2 protein chains.
Amino acid sequence: MTDLFEPLDDHPAYRQVANAIERKIVARALRTGDHLPSETDLARQFGVNRSTVREAIRELEIQGLIGRGRGEKRLKVTRPEPQRVSSDVSRALALHDVTFQELWEAMMALEPAAAEYAAARRTPAELQALTRAAARFRRDAGDTAAAVAAVVEFFTAVAKASGNRVLSLSQAPLNLLLAPALTQMIDRLAQARRRIQEAQEQITAAIRRKDRAEARTWMEKHIRDFKRGFDLRPILTAADEPSGRRKGGR
Amino acid sequence: MTDLFEPLDDHPAYRQVANAIERKIVARALRTGDHLPSETDLARQFGVNRSTVREAIRELEIQGLIGRGRGEKRLKVTRPEPQRVSSDVSRALALHDVTFQELWEAMMALEPAAAEYAAARRTPAELQALTRAAARFRRDAGDTAAAVAAVVEFFTAVAKASGNRVLSLSQAPLNLLLAPALTQMIDRLAQARRRIQEAQEQITAAIRRKDRAEARTWMEKHIRDFKRGFDLRPILTAADEPSGRRKGGR
DNA sequence: AGTGGCAAAATTGTCGGACAGTCGGATTAT
DNA sequence: ATAATCCGACTGTCCGACAATTTTGCCACT
């Protein structure tokens, strides 16, 4: 049944190098913003070829642990952008063909909680971001793509306002999955737009006046509404942009 | 205020190659299990050097889109392992110094939902995994490290039993964060172990008899209990390596 | 036809060395 | 000081190579 010995995983040099650097970073020996030695120098220190170092660096760069500002040459330690992480997650979910039902259940768990905390803790700036997102939906309701983007923006703003980064990062991937699904469904339901708008307004109002219970309740209604167009088929994400964007300045 | 031009993000060849392959994968043109062409061949097709292809491959490998079985040479398309993805997320959260409070709130949102769905949908096998995890906690309660691992295993089993991969993948990173926090706190509260055990038993029982409401309620109690040892400080993750403290440079 | 075995062909992991295009910093002119 | 300029340090790519394995094609044997 179980083999007596499990294969000792061999560690290619590039992986060892990557791990070595990663350890320094998570242990905070290399702190955010610090500059890394040059590739040549790293190659010398590790006693490997620059090509090898290069592959290692690629790993860390992808994971968002190191990177460089636009136009900068020197690498520096960065913290993984939530955006990058969440797009990885959502892509993984999409590749696993999760159903809308699964997505919906997760949203039902997270979003109302986020709304509640948002009502409790939102800052004026966050509130403003919220109202702006809602306004954008109202304005762009006609344009399906823009409307969907506005919905995502709204959820993102609520999560941000919750002041809870764990909640926020957990919720972000759901948005990315919601977008394609919502795009297909928003046109199928005549009153979808009106209901979304109403919900957004109620939620925003509740968060404005710091009414936690009401914020949660309306968010629940809002999410529940999505279930109308729900469908058991896997969510399709095919046609959109590949994820790995670099950090952008807006 | 808004710049007229946005910085044109440069696309290094290795990134373009990586994106090209990624697109094929997410579009399902390359399906899970398919073998990729050899590095040399890819280099020829893309018209770049093998080293460049190699860096691109490294990206995809890290993202879990491609990989190879132990001892295999040829690359094949794989689906990102939830485990890998969630450890990335939790590392990101840890690097952002999230507080236990944030973690706790997120757990409070996810775990009861997972428990409820688990009660509704658990298979016999999943139920067994649950009882085994609970049993393990009971047995290892004395050994802090093992006890913590058992707690994590229990949560994981519940999430798995929920039959919802989104929920499951959203919850997984939280476990990884919980572990170090729990390790510190479990010893501070005398009755912590007893209460955990009781909760696990109640939850398991509720899930066994498919009592959704009870499963949720007990999970809420269970999570709420964790708050006792709660603390506003950032969660400390494996501050293992004593290295790096020494020389400053800077 | 199915199997086992074996040598040749193909591949990966690493290494060295090169070169053009840039970025960072020091240098010098305003 | 500030701005224009120059040079060295680096990164992105490419070539070419080689040992260690894997994969594959082929042939003999049951």
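Order of the sequence lines fixes the chain letters, A, B, ..., with proteins taken first and strands second; residue numbering starts at 1 for each chain. Quick caveat, the model's predicted, so the values are computed rather than measured.
- Contacts classified as salt bridge (Lys or Arg N to Asp or Glu O under 4.0 Å) and involving residues 154-177 of chain B (residues at least two apart or in different chains) are given here: A:Glu102-B:Arg165.
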Inset, instruction - Determine, stepwise, if the pair A:Glu39 / A:Ile57 fulfils side-chain contact (heavy atoms from CB on, under 4.5 Å). - result: CA-CA 9 Å; A:Glu39 296 177 352; A:Ile57 286 179; 3.7 Å; yes
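- Counting 5' to 3', DNA chain D first comes under 4.0 angstrom of a heavy atom of chain A and last does so at the ends given by D:dC10 to D:dT13.
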Inset, instruction - In sequence, state the C-alpha distance, the side-chain angles, and the governing distance for B:Gln63 and B:Arg84, and then conclude on side-chain hydrogen bond (donor to acceptor under 3.5 Å, both in side chains). - result: CA-CA 9 Å; B:Gln63 297 183 49; B:Arg84 202 194 54 67; over 6 Å; no
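- Judged by closest nucleotide on DNA chain D, B:Gly47 is the one of B:Glu72 and B:Gly47 placed further toward the 5' end.
- Residues B:Lys73 and B:Arg68 share a closest heavy-atom pair of O-NH1, 2.6 Å.
- For B:Gln83, the CD atom is loosely surrounded, since the number of other residues' heavy atoms within 6.0 Å does not exceed 12.
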Legend entry - Test side-chain contact (heavy atoms from CB on, under 4.5 Å) applied to B:Thr123 and B:Glu126, step by step: CA-CA 5 Å; B:Thr123 65; B:Glu126 286 163 347; 3.3 Å; yes
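- Among the heavy atoms of the strands lying under 4.0 Å from B:Ser51 is at least one base atom, whether or not backbone atoms are also near.
- Atom CD1 of residue B:Ile66 and atom CD of residue B:Glu22 lie 11.0 Å apart, to the nearest 0.5 angstrom.
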Legend entry - Per-nucleotide protein contact string for nucleotides 5-13 of chain C, where B marks a base within reach and S marks sugar-phosphate only (heavy atoms under 4.0 Å, - for neither): ------BBB
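- For the pair B:Leu95 and A:Arg79, the tightest heavy-atom approach, listed with the atom from each and the gap, is O-CD, 3.3 Å.
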